[in-house]
Amino acid sequence: MATAMQAPPLSRDEYGRLVGRIHELVEDTVPAGAIVAVVSRGDADLVELNGREGWHVPQTDSGLYAGHHPADSADAMSNVEAVRRKGAGFLLVPRTAFWWFEHYRGFKSHLDRRYRREAYDPDICAVYSLSDQPSDDGDASDLGPLRRQELTRQIRDVVTATLPGDATVLVWAHAQHSLLELAGRRTEPFTQPAEGSPAIPDEDVIEELVARRRAGAEFLLVSATAFSWLDQRPRLKRHLEQDHRLAVEQRHLCRIYELVDNVQASEAAGRTASILGWLRSA
């Protein structure tokens with residue numbers, strides 16, 4: 001079996017807090033009654049998901065934890081496909097198992113190619129929907145006022161749980177003016193054309209984003225009401241993915257990018273490489 005590159009262990013208290021945060025994220029993301037396959041390393045607490053049925057991965061034919069990690073990427077993919085065929089609707093990879101994404105590279109590309117990532121928080125977990133990529137859920141920019149109000153409340157909860165209280169946040173949303181009130185955080189609206197105005201070129205939007213970053217903006221929050229606008233801007237989307245860091249992704253709510261410049265991104269990549277090198281040699 002391949003040698004696993006496991007992350008440095010958490011203390012008992014740290015791990016307990018992580019499990020609690022995972023449970024909260026699952027309640028916000030996964031519908032009640034769903035079956036969730038969990039890269040659990042056999043932890044019974046991790047698969048106790050309050051109204052959802054948690055399964056171990058890898059698992060034996062009887063559903064018990066198999067007692068070992070996959071041998072390689074193909075084995076990891078096979079384990080996930082096996083639980084999907086048995087009825088699992090979601091896959092949860094906790095932060096403590098993120099090394100799977102580095103070690104089993106074919107596994108990560110398999111998930112990204114075939115399934116939709118429902119939620120991602122680098123400090124908590126990733127959740128995938130184990131169904132073929134579904135069609136678009138519709139344009140969230142066309143929500144009614146009550147649904148928009150509920151969306152705003154849920155996004156505020158995400159921000160409160162994930163961003164520093166003194167953060168400066170750019171907000172990209174459609175007809176969600178109340179989203180500029182984020183529990184004490186400094187917020188600024190991000191560029192968006194007035195109704196009926198010509199679209200702003202991607203290059204101009206990127207230039208504004210860079211300028212706002214240099215002026216002190218730390219995060220860009222993209223509400224689900226602006227997802228379709230972002231999807232129509234491939235250059236901007238590529239800029240965000242390559243030059244900044246996706247800090248939070250809640251598929252039906254928002255994406256939050258941490259705005260880092262190229263030097264910071266390179267330093268972060270270097271730190272990641274050093275950590276992985278240490279894990280390989282440990």
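Side chains included, hydrogens not; waters and symmetry mates left out as well; all remaining heavy atoms used.
Residue Glu81 places its CD atom among more than 12 non-hydrogen atoms of other residues, nucleotides or ligands, all under 6.0 Å distant.
Taking the salt bridge (charged side-chain N to carboxylate O under 4.0 Å, His left out) definition, one finds that Arg245 meets it with Glu258, sequence neighbours left out. Residues meeting the ring pair (Phe, Tyr, Trp, His ring centres under 6.0 Å) test with Phe101, sequence neighbours left out: Phe98. In terms of the ring pair (Phe, Tyr, Trp, His ring centres under 6.0 Å) criterion, His23 has no residue partners (sequence neighbours excluded). Checked against side-chain contact (heavy atoms from CB on, under 4.5 Å), Asp166 has the following partners two or more places apart in sequence or in another chain: Pro164. With sequence neighbours excluded, no residue satisfies side-chain contact (heavy atoms from CB on, under 4.5 Å) with Glu48. Checked against salt bridge (charged side-chain N to carboxylate O under 4.0 Å, His left out), Asp157 has the following partners two or more places apart in sequence or in another chain: Arg153.
A cation-pi geometry, defined here as NZ or CZ lying under 6.0 Å from the six-membered ring centre and within 45° of its normal, does not hold between Arg116 and Tyr128. Cation-pi geometry between Arg117 and Tyr120 is satisfied (NZ or CZ under 6.0 Å from the ring centre, within 45° of the ring normal). At least one cation-pi condition fails for Lys108 and Trp100: the charged atom is not both under 6.0 angstrom from the six-membered ring centre and inside a 45 degree cone around its axis.
Between Arg105 and Ser73, the closest heavy-atom pair is N-OG, 3.4 Å.
A continuous path of hydrophobic side-chain contacts links Val38 to Val19 [ILVMFWY only; heavy atoms under 4.5 Å].
Note that CZ of Arg156 is 5.0 Å distant from OG of Ser178, once rounded to the nearest 0.5 Å.
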